[in-house]
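Values below: every heavy atom of this structure, side chains too, minus hydrogens, waters and symmetry copies. Numbering of ligands and ligand atoms starts at 1, following listing order. The first residue of the sequence shown is numbered 1, and numbering continues consecutively from there.
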Amino acid sequence: MSKVLVSDPIDQVGIDILSQVAQVDVKTNLSPEELVAVIPDYDAIMIRSGTRVTKEIIEAGKQLKIIGRAGVGVDNVDVPAATRQGIVVVNSPEGNTIAAAEHALAMMLSMSRHIPEADQSVKNQKWDRKHFMGSEVYKKTLGVVGLGKIGSHVATVARAMGMKLLAYDPFISVERAEQLGCRLVDLDLLFGESDYITLHIPKTPETTNLINAESLSKMKPTTRIINCSRGGIIDEAALYEAINSGTIAGAALDVFSSEPLGESPLRSLGKKVVLTPHLGASTAEAQVNVAIDVAEQIRDVLLGLPARSAVNIPGLSPNVLEQLKPYLRLAETLGSMVSQLAGGRIDSLNVRLQGELATNNSQPLVVGALKGLLTQALRERVNYVNASIEAKERGIRVIETRDASIQDYAGGSLHLSAKGSLGEHSVTGALLGDGEIHITSIDEFPINVPPSNHMLFTLHRDMPGIIGKIGSLLGSFNVNIASMQVGRKIVRGDAVMVLSLDDPLPEGILAEIIKVSGIRDAYTVNL
Ligand SMILES: NC(=O)c1ccc[n+]([C@@H]2O[C@H](COP(=O)([O-])OP(=O)(O)OC[C@H]3O[C@@H](n4cnc5c(N)ncnc54)[C@H](O)[C@@H]3O)[C@@H](O)[C@H]2O)c1
Ligand SMILES: O=C(O)CC[C@@H](O)C(=O)O
């Protein structure tokens, strides 16, 4: 039975889902050393933001197949290290969107009305109404940095509260921003005009310390900043200076460059600052959502099914995935066939999506073809996560083409051609009515055969007697032929013969087949 380690607090509903297929061990607050020590036993790890899954942990996780992040940000996972090791990393891109957006809005309002401090003073037996004069958000300008899922919801609610909206997001269209009632502007303008600035961006090299002494100096003395996205996007020392000196009015922070927050002068800024301990996703609803979302994906991957929100393989919606599954099998089968036909070192793979397939998201099929191609060399070490990297590292050039005009099969067909040290070979395949894979051409010779576990292909001159000769030769070695088909372009020209065999071709027979007069070449394929 598979084993899953849950190393951060996860809602019970997630544990119940995992328990359907695995032994689940909940061990929270493990030190990095303890994690390295226990991880070799586990097939999957499920985390929130508390656990850092480092390269060391990943390398020690020899059995690991999947890392599940019950939340959005995967910056606490070394995704490149996981990818290299063929480990799927999944998250829950939407499960806590509303929770995080509502937290940002709550932070904005509580900072404006000094609610945390006022509450504390009443609890301390005081009745001080003068000290907590607030300001309204109505008709104020909110600058939204990052207009993705959370930023969009914040914008929608803020607009309903009567705020004017500016937004900065280099990857969002003007139309989308306008739909949300936001004016898309550059960062300097947003910094200069906003009364409130709310950050909803990932932490990347570009966004690290985006809010620094220089950007803070462009803001109004009344500006207040809200950060419920990621620590490290704000230079905390510069923020402290700016608030302390009156360059800006205040900040509400849920995330910090180092968590838990250690000694920090930010704690001393009184009512100008509201601080929460990374609570953006901490609602009962969000925790149920993310636990279900990620536990289901871990369960599926442990059952050998694809994940719907993998961050290191092409993301596909469950519906698209369901439709594409038979074509992924087709791509893998053709990839494995073409690599065996080509033999030797492969320099390039051309993947041509034909007919209806040409209109689809081709990336998963290309990865599927590469996975099939590399299975010969890497066996189970290659998977949908690392196939592209492994191909790149081997110097295999991948060319992707589309031809929607080839309407040979309903649903489309896939044509792979591999060029290598021993020449070039191609294979085409399609799914027939019942979803069964059919090979529809080999080296551009038309055929129509379902693939079988053991196959023999010959390239020969189309002439009387040759089929009989091969049949007798195989018979003399006690090889049973299950089916046979010939494909040719012209009568008495070159042809290919495809034989499905009951057993693998014994050692040495291929050399005998090639000696038969009229046979130009012969190849075996085992799937
Ligand atoms: N505090 C919490 O508990 C909590 C909860 C959930 C999410 N988050 C964090 O909130 C952030 C946003 O999450 P989301 O679900 O909205 O993500 P998202 O991917 O839907 O949106 C992020 C947006 O940022 C934009 N962006 C990327 N680089 C940018 C840049 N350099 N400048 C401006 N915009 C840029 C993207 O185009 C995208 O629209 C993430 O960092 C996530 O980890 C925090
Ligand atoms: O796990 C959490 O509580 C925080 C999650 C949040 O930071 C996220 O990126 O989804």
Going by the order shown, which atoms of ligand 1 are within less than 4.0 Å of some heavy atom of Gly73?
43 (O)
Step-by-step side-chain hydrogen bond (donor to acceptor under 3.5 Å, both in side chains) determination, Thr51 to Asp8
CA-CA 7 Å; Thr51 303; Asp8 285 319; 3.0 Å; yes
What are the atoms of ligand 1, with element, lying closer than 4.0 Å to any heavy atom of His278?
1 (N), 2 (C), 3 (O)
At what distance is the nearest protein heavy atom to atom 10 (O) of ligand 2, and which residue and atom is it?
Val72 N, 2.5 Å
Under 4.0 Å from a heavy atom of His200: give me the atoms of ligand 1 that qualify, with their elements.
12 (C), 22 (C), 23 (C), 24 (O)
Would you mind running through ligand 1 and noting each atom that sits below 4.0 Å from a heavy atom of Ala100?
5 (C), 6 (C)
With the threshold set at 4.0 Å, does a side-chain nitrogen-carboxylate oxygen contact exist between Arg176 and Glu178?
no
How far is atom 9 (O) of ligand 2 from its nearest protein heavy atom, and which residue and atom name does that atom have?
Arg230 NH2, 2.6 Å
Is Ala281 close to ligand 2, meaning an N/O of one under 3.5 Å from an N/O of the other?
no
With a 4.5 Å limit on heavy-atom distance, are the side chains of Ile248 and Arg224 in contact?
no
For atom 4 (C) of ligand 1, grab the closest protein heavy atom and report residue, atom and distance to one decimal in Å.
Cys228 O, 3.7 Å
Which residue supplies the protein heavy atom nearest to atom 6 (C) of ligand 1, what is that atom called, and how far is it?
Asn96 OD1, 3.2 Å
Which residue and heavy atom of the protein sit nearest atom 9 (C) of ligand 1, plus the separation
Ser229 O, 3.5 Å
Would you say Arg267 has more than 12 foreign heavy atoms packed within less than 6.0 Å of its CZ?
yes
Could you tell me whether the side chain of Val351 reaches within less than 4.5 Å of the side chain of Leu414, counting heavy atoms only?
yes
Of the side chain and backbone of Leu279, name the one, both, or neither that has a heavy atom under 4.0 Å from an atom of ligand 2.
neither
Give yes or no for whether the N/O distance cutoff of 3.5 Å, strictly under, is met between Ala281 and ligand 1.
yes
Would you verify whether the NZ or CZ of Lys218 falls within 45 degrees of the ring axis of Phe191 while also being under 6.0 Å from that six-membered ring's centre?
no
Is the shortest side-chain N to carboxylate O distance from Asp195 to Lys164 below 4.0 Å?
no
If only side-chain N and O atoms count, and only distance matters, is there a donor-acceptor pair under 3.5 Å linking Gln23 with Asp25?
yes
Looking only at protein heavy atoms, identify the closest one to atom 37 (O) of ligand 1 and say how far it is in Å.
Asp169 OD1, 2.7 Å
Starting from atom 4 (C) of ligand 2, find the nearest protein heavy-atom neighbour and note its residue, name and distance.
His278 NE2, 3.5 Å
Identify the closest protein heavy atom to atom 1 (O) of ligand 2: which residue and atom is it, and at what distance?
Arg48 NE, 3.1 Å
Identify, by atom number and element, the atoms of ligand 2 in contact range of Ser49, meaning under 4.0 Å from any of its heavy atoms.
1 (O), 2 (C), 4 (C)
With only distance considered, is Lys203 within less than 3.5 Å of ligand 1 through an N or O on each side?
no
Under 3.5 Å donor-acceptor, Asn96 side chain and Ala286 backbone
no
Chi angles and distances behind the side-chain hydrogen bond (donor to acceptor under 3.5 Å, both in side chains) call for His415, Ser413
CA-CA 7 Å; His415 176 276; Ser413 56; over 6 Å; no
Among all protein heavy atoms in this structure, tell me which lies nearest to atom 5 (C) of ligand 2, with the distance rounded to 0.1 Å.
Arg69 NH2, 3.4 Å
Just do the side-chain hydrogen bond (donor to acceptor under 3.5 Å, both in side chains) check on Thr276 and His103 with the steps written out, would you?
CA-CA 10 Å; Thr276 52; His103 196 68; 3.0 Å; yes
Numbered atoms and elements of ligand 1 in range of Pro170, under 4.0 angstrom, heavy atoms:
32 (N), 33 (C), 34 (N)
Which of the numbered atoms in ligand 2 are below 4.0 angstrom from a heavy atom of Gly71?
10 (O)
Is there a donor-acceptor contact under 3.5 Å linking the side chains of Ser19 and Asp16?
no
May I ask which of Lys149, Glu94, Arg230 has a heavy atom nearer to atom 19 (O) of ligand 1 than the others do?
Lys149
Salt bridge or not between Lys55 and Glu59? Use side-chain N to carboxylate O under 4.0 Å.
yes
Which protein heavy atom lies closest to atom 16 (O) of ligand 1, and at what distance to 0.1 Å?
Ile150 N, 2.9 Å
Are any of the N/O atoms on Gln287, whether in the backbone or the side chain, positioned under 3.5 angstrom from an N/O atom of ligand 2?
no
Heavy-atom nearest neighbour in the protein, as seen from atom 21 (O) of ligand 1, with distance rounded to 0.1 Å:
Gly148 CA, 3.3 Å
Answer with yes or no whether the side chains of Asn386 and Thr83 bring together a donor and an acceptor at under 3.5 Å.
no
Starting at OG of Ser194, measure out to CG of Leu166 and round the result to the nearest 0.5 Å.
5.0 Å
One finds that the ligand 2 atoms under 4.0 Å from a non-hydrogen atom of Gly73 are 8 (C), 9 (O), 10 (O)
Just heavy atoms, cut-off under 4.0 Å: does Leu147 contact ligand 1 by side chain, backbone, both, or neither?
backbone
Report yes or no: do Tyr240 and Ser264 form a side-chain donor-acceptor pair below 3.5 Å?
no
Evaluating non-hydrogen atoms only, which member of Ile98, Thr207, Ile201 is closest to atom 40 (C) of ligand 1?
Ile201
Looking only at protein heavy atoms, which one is nearest to atom 32 (N) of ligand 1, and what is the separation?
Tyr168 CE2, 3.4 Å
Between Arg183 and Glu193, is the salt bridge (Lys or Arg N to Asp or Glu O under 4.0 Å) condition met? List the steps.
CA-CA 12 Å; Arg183 184 155 66 92; Glu193 290 194 4; 3.5 Å; yes
Checking a contact table here: which protein heavy atom is nearest atom 28 (N) of ligand 1, and how many Å away?
Phe171 CE1, 3.5 Å
